[in-house]
Participant: 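Okay, here's the structure, questions in a sec.
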Amino acid sequence: MYNQKVLEAFAHPQNVGEIENPDGEGTVGNATCGDIMKITLRIVDEKIVDAKFQTFGCAAAIATSSTATQMVIGMTVDEALKLTNARVVEELEGLPPQKIHCSVLAEEAIKKAIEDYRAKQQNKTIDKSKIEYV
Ligand code: FES
């Protein structure tokens with residue numbers, strides 16, 4: 001069912017776990033199967049320096065999340081926002097058609113984590129301006 005690259009990524013997943021006090025975090029559920037994915041990011045000067053994932057997903061979700069987190073480390077947040085599940089599947093040299101929906105979890109969780117990061121940045125700016133104003 002799975003190719004060798006997917007099996008490797010599933011058997012030896014990278015970046016499993018959770019970053020403490022992350023700069024951005026995103027948890028999403030898969031509407032198709034009900035599985036869950038959480039991604040945490042460490043971001044320094046708009047660049048993703050670390051990414052970790054935890055999932056209640058299947059082998060395809062684990063393989064695609066491992067690959068997606070590896071791909072976004074070193075990217076700017078703007079670059080990471082452009083990462084699609086199709087690009088991750090391509091990196092893994094394909095998934096069975098019935099497993100494509102599993103690859104959406106990582107893409108969505110990364111986007112949500114970046115949204116969370118942006119919201120936190122916004123709050124910092126607002127807090128700072130308040131302090132300067134008073
Ligand atoms: Fe749910 Fe793969 S079956 S993530």
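One is the number of the first residue; the rest follow in order along the sequence. As a basis for the values below, the full set of heavy atoms in this structure was taken, side chains included, without hydrogen atoms, waters or symmetry mates. Ligands are counted one by one from 1 in listed order, and the atoms in each one are counted from 1 as well.
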Participant: Say whether F10 and M37 are linked into one hydrophobic cluster, either directly or through other cluster members, by side-chain heavy-atom distances under 4.5 angstrom.
Facilitator: yes
Participant: Do the side chains of I19 and I48 join up, straight or via other hydrophobic residues, at under 4.5 Å, putting them in one cluster?
Facilitator: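 Each belongs to a different hydrophobic cluster.
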Participant: As an exercise, identify every atom of ligand 1 less than 4.0 angstrom from a heavy atom of A61.
Facilitator: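 Ligand 1 atoms under the 4.0 Å threshold to A61: 4 (S).
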Participant: Looking at C58, which atoms of ligand 1 are within less than 4.0 Å of one of its heavy atoms?
Facilitator: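 The list of qualifying atoms is 2 (Fe), 3 (S), 4 (S).
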Participant: For atom 4 (S) of ligand 1, grab the closest protein heavy atom and report residue, atom and distance to one decimal in Å.
Facilitator: D35 OD2, 3.3 Å
Participant: Can you list the steps and then say if K5 with E8 is a salt bridge (Lys or Arg N to Asp or Glu O under 4.0 Å)?
Facilitator: CA-CA 5 Å; K5 210 158 177 184; E8 276 290 315; over 6 Å; no
Participant: Under 4.0 angstrom from ligand 1, any heavy atom of K99?
Facilitator: yes
Participant: Let me confirm one number: the CZ-CG distance from R118 to D116, rounded to the nearest 0.5 Å.
Facilitator: 12.0 Å
Participant: Please check if the number of heavy atoms outside E20 that lie under 6.0 Å from its CD is greater than 12.
Facilitator: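 No, because the 6.0 Å sphere around CD of E20 holds 12 heavy atoms or fewer from other groups.
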Participant: Counting only heavy atoms, which portion of L105 has something under 4.0 Å from ligand 1: side chain, backbone, both, or neither?
Facilitator: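 Side chain only; the backbone of L105 stays clear of ligand 1.
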Participant: So, Y117 versus E46: side-chain donor-acceptor pair below 3.5 Å or not?
Facilitator: yes
Participant: Can you sort out which atoms of ligand 1 are near H101, meaning under 4.0 Å from one of its heavy atoms?
Facilitator: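 Contacts of ligand 1 toward H101, numbered from 1: 3 (S).
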Participant: Using a 4.0 Å cut-off to any heavy atom of C33, which atoms of ligand 1 qualify?
Facilitator: 1 (Fe), 3 (S), 4 (S)
